[in-house]
Structure formats: structure tokens, C-alpha cells
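Structure first, then comments.
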Amino acid sequence: MKKNNGSSSNKKADIPDRQYFFPAQIIEYFIEEGKASLQITNLAQFILSFMAGAFIAFGALGSVLLSMNVDTPGPYNLLAGVGFAIGYAMIFLSGSILFTEINILLPSYILQSKFWISIKVLRFWGICYIGNFLGALFVGFLLNLSGSLDKEFYDGLLKFMEKKMQFTDRGTWGWFQVLFSGILANWLIGIAAVLATAARDVMGKIFGILLPVIIFEAGNFQHAVANMGYFSITVLEGFEYSWYEFIFLNLIPASIGNLIGGGILVSLLLSFAFKEDIDDDIIKEEEEEVDKITDKMNK
């Protein structure tokens, strides 16, 4: 240490504040956010979920607009990823509720609550899922009714849909391929949530979102709500894919995969890896709440 004007006292060197949060702090944030999301009204949950579905549809729109007429695979995938990341950034920074994000938040909360899964938790999952789908459909209808998008856009959108739906002709194995792809998708989206939460400024959060989303989009991994966004824009255009094919052969296996990828490969692994570093007060508070609920049920 440097001496100050010959004084024997030491002066602490100025150290810049750390520009990110540690993993244990991120898990603590997920726990608190999962809990906070459950405490708001069902109407508020629906509104925020509806907004997230709308924003994801805008992300799908952006991915097509930015990558149109780009024939080289590298730049095409990069621009598509950047376009989709715009929608995810809108969701994260606005406080909207995305199904694939709560696949990270709720398991983190549940894991610190003695694996307590209540009707309230399941209802919230359902509200979020339905709200996301309706929000995406609403934007899709508006885009189609507005007449703002030309044939060139829909040709580019069809290219995306063909990639997403290519598994439907592979029978049972194709269904499981969508599930495995969904695991990869929400593993990456979960890490995007981790990186965005770790950052302490807006640009850091945006870049934290951008990096995994580019990989997710380039890999054609099956993200249930992203697929809702793409499908919602095609729904009035008479594309060859039916509701049955989309819901049962794509959306359902992708959603199951997303739950596994987010809940197990992100929340479960990080929660256990950093369990010793998580604030004891947070864990104690959750355990006390579970005990209160259990006592009420036993009376």
C-alpha cells in the first residue's frame, strides 16, 4: 500500500466495482423472482405473459426481416439470432413473463422450498403458457391484417417454418428429436437468463442474452414460445402446416424438452452446485413458509 504524505496509516487502493454477480447471487435472484411471480394476481400474471408472447412474436419477425435474402449460412444465422434476441431483450427488460424463463425461476424457487409444488405453482405455469400463446397469436393476426409484410417476407418466414417442422415426417423418432432439441433450446435460453441476470447494466444484459440466443437460433433448436411466434405469423397465410401438426408434433414435445432443459440442466445443476453459497436467510424463509402451509393442511 502507498503511504499518504509520510503517514504510517495505509490508504486502501481504489478498486472498481465488480460488473457482474456471482452464480450464487444469480440463484438467489431466481428464487426471489420465482416467489414474487407467484405472489402477483392471476390477471397480472396473464397480462405479463401475454406481453411476453407478443414480444417473442416480434423477435420472430425480427429474425426473418434481418436474415431475408441472405444466402450465406454464417451471416444468415447470425442475423436471425440477433433479430430473435431483440424480442427476448424486450421480455427480460420489461419484466414480462416467458414460459421458458419461468422454467428457470420456478424450479429454483421450488428446489429451496423442499420441492414444494402447489396448485398455485401449476396454475401459474398454465397461465403463463396460455398467455404467451395468445400474445403471439395477437401479434400474428395484427401483422397479417396490417398488410405491412410483402411476399418476400413470407417466403423467408416459410423457410423458418420448414426448418422448425422438418421433424414431423419422421414419425415417433421425429417427436423425440423435437423433445431433445427443446432440451438444448432451453438450456441455452436458461444460460441467457443467467448471463443477463449476472450483468449489472443494460448493455451487459443485452449481450448476455445475445450470445446464447445466436447459438440457439443457428442450431434450429425447438423453443416452444419462439415456435408460437413463427406459427402465429403464418396462421392467416394458409401455410401447409396444420394446427394439429404444430401443437401435437412440435409444440408439446418442445415444451416438455424446454421444461427439462431449463428446470434440470440450469436450475437444478446450479442450485445444487452453489447450494452452500446461497444466503441461509433465503433458504430459511422458504422452509418456514412451507412449514406454515403444511401445518395448515394438517389441521
Side-chain angles (χ1 to χ4, degrees), residues 50-91 94 96 98-100 131-170 174 177-178 181-182 185 189 206 209-210 213-255:
F50 183 90
M51 290 172 57
F55 293 151
I56 214 73
F58 284 128
L61 171 68
S63 67
V64 178
L65 289 174
L66 293 184
S67 61
M68 281 193 317
N69 299 321
V70 179
D71 297 323
T72 308
Y76 175 88
N77 290 328
L78 176 63
L79 292 171
V82 170
F84 187 77
I86 294 171
Y88 197 84
M90 293 165 66
I91 292 167
S94 69
S96 302
L98 186 69
F99 168 73
T100 48
N132 286 172
F133 205 171
L134 292 178
L137 285 172
F138 182 70
V139 169
F141 277 110
L142 285 182
L143 288 173
N144 281 274
L145 294 173
S146 71
S148 301
L149 305 172
D150 56 20
K151 183 180 182 300
E152 188 177 31
F153 168 83
Y154 287 105
D155 289 340
L157 177 61
L158 180 58
K159 184 177 179 181
F160 274 88
M161 286 298 297
E162 287 173 343
K163 287 173 62 180
K164 296 294 182 184
M165 300 297 291
Q166 64 180 314
F167 305 95
T168 57
D169 297 328
R170 303 178 189 176
Q177 285 183 312
V178 174
S181 183
I189 294 301
I206 290 174
I209 292 167
L210 182 63
V213 168
I214 289 175
I215 301 174
F216 141 73
E217 189 66 40
N220 189 35
F221 299 134
Q222 301 293 318
H223 182 283
V225 189
N227 293 1
M228 292 177 189
Y230 289 117
F231 183 79
S232 68
I233 306 174
T234 72
V235 76
L236 289 182
E237 287 302 306
F239 282 8
E240 60 183 287
Y241 304 108
S242 67
W243 284 88
Y244 171 83
E245 289 177 312
F246 174 65
I247 292 175
F248 291 98
L249 303 182
N250 183 276
L251 193 58
I252 290 177
S255 300

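Only a predicted model underlies this, so the values are computations on that prediction, with no experimental measurement involved.
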Identify the heavy atoms of [X] and [Y] that sit nearest to each other, and give their distance.
X	Y	value
L210	A85	CD1-CB, 3.6 Å
V178	P253	CG1-CG, 3.7 Å
A224	S255	CB-OG, 3.4 Å
S96	S94	OG-OG, 2.7 Å
A57	I233	O-CD1, 3.9 Å
Y88	I189	OH-CG2, 3.4 Å

Straight-line distance of [X] [atom1] to [Y] [atom2], nearest 0.5 Å:
X	Y	atom1	atom2	value
L98	I91	CG	CD1	4.5 Å
I86	L65	CD1	CG	9.5 Å
F133	S232	CZ	OG	8.0 Å
F99	N132	CZ	CG	8.5 Å
Y230	M165	OH	CE	14.0 Å
F216	S181	CZ	OG	8.5 Å

Non-hydrogen side-chain atoms of F231 and N227 separated by less than 4.5 Å: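 Not touching, per the 4.5 Å side-chain cut-off.
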Pairs flagged by side-chain hydrogen bond (donor to acceptor under 3.5 Å, both in side chains) wherever residues 137-148 is involved - sequence neighbours left out: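 For residues 137-148, and leaving out neighbouring residues, the side-chain hydrogen bond (donor to acceptor under 3.5 Å, both in side chains) pairs sorted by first residue read N144-Y154, S146-S148.
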Results of side chain to side chain contact (heavy atoms under 4.5 Å, CB included) for N220 - residues two or more places apart only: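 Side chain to side chain contact (heavy atoms under 4.5 Å, CB included) check on N220 returns K163, K164, Q166, F167, Q222.
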Parallel, tilted or perpendicular: rings of H223 and F84 (30°, 60°):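 F84 and H223: perpendicular rings.
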Single hit among V139, L149, L157 for side-chain contact (heavy atoms from CB on, under 4.5 Å) with L61: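 Result for side-chain contact (heavy atoms from CB on, under 4.5 Å) with L61: L149.
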Derivation and outcome, side-chain contact (heavy atoms from CB on, under 4.5 Å), residues I214 and N77: CA-CA 7 Å; I214 289 175; N77 290 328; over 6 Å; no
Flag if over 12 foreign heavy atoms under 6.0 Å of CZ, F153: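 More than 12 within 6.0 Å, yes.
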Note: D155-K151 ion pair, threshold 4.0 Å (strictly below):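 Salt bridge: yes.
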